[in-house]
Amino acid sequence: MTDMPSHITRGLSRRALLGAAVSVLAGSALAAGEHPSLVFMRQVAKDLLNAHRQGTVASFRRAIQRHADVAGIGDYSLGQYRSKLPAGQRERYYGGVATFMARYFADQSREYPIAKYVIGEAVAKSDKDISITSKVFLLS
């Protein structure tokens, strides 16, 4: 994996991070007549909105553990030091990554009261890539 450019990480706003969280989390789901990506995005959005409404670290942690590739995020965060993480410490480290993310989301979500979200249509960008536009509407 390559490191994310510093100009990108410095330029992320909290609102962009919250929106990215909805878009980035990955997993699988199936439903008759609908693209599996839409079913998945709806479930992720529902779980994150429920966590947001509860506002607790535990609620965000459950959503993160259910939908996020915590090991992939953790490994990416370690960058060049990934190979130095002892195998016996991986589960503890990944648990810490999930808790760190949940604490951040719980803390920052207070700043952005959500009114609703809209999940758009699934659009095939290539054989492997599906794009789904989603919007989060904040209370005024």
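Heads up: numbering here begins at 1 and tracks the sequence. The figures here come from the full heavy-atom set of this structure, side chains too, leaving out hydrogens, waters and symmetry mates.
Among residues two or more places apart in sequence or in another chain, the side-chain contact (heavy atoms from CB on, under 4.5 Å) test is passed with R62 by Q54, A58, S59.
The hydrophobic cluster containing F137, built from Ile/Leu/Val/Met/Phe/Trp/Tyr side-chain heavy atoms closer than 4.5 Å, also comprises V118.
Annotation for G55 and A106: closest pair O-CB, 3.8 Å, computed over non-hydrogen atoms. For R110 against P113, the heavy-atom pair with the smallest separation is O-CD, 4.3 Å.
Within the structure, the side chain to side chain donor-acceptor pair (under 3.5 Å) test picks out the following pairs touching residues 39-51 (sequence neighbours left out): E34-R42, Q43-D47, D47-R66, D47-H67.
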Residues 120-133 side chain polar contacts: donor-acceptor under 3.5 Å, at least two apart:
residue : atom : partner : partner atom : Å
S126    : OG   : K128    : N            : 3.3
S126    : OG   : D129    : N            : 3.1
S126    : OG   : D129    : OD2          : 3.4

If you look only at distance, which donor and acceptor atoms sit under 3.5 Å apart when one is on a side chain in residues 83-97 and the other is two or more places apart or in another chain?
residue : atom : partner : partner atom : Å
Y93     : OH   : G74     : O            : 2.8
Y94     : OH   : D75     : OD1          : 2.7
Y94     : OH   : D75     : OD2          : 3.4

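Proximity of H52 to F60: side-chain heavy atoms (C-beta onward) are separated by under 4.5 Å at one or more points.
Both Y104 and I73 are members of a single hydrophobic cluster when ILVMFWY side chains are connected at heavy-atom separations under 4.5 Å. Under the 4.5 Å side-chain contact rule for hydrophobic residues, L78 and F100 do not share a cluster. Hydrophobic clustering (side-chain heavy atoms under 4.5 Å, transitive across Ile, Leu, Val, Met, Phe, Trp, Tyr) groups M41 together with I114.
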- prompt: Can F105 and I64 be said to form a side chain to side chain contact (heavy atoms under 4.5 Å, CB included), step by step?
  reply: CA-CA 10 Å; F105 289 168; I64 289 165; 3.8 Å; yes
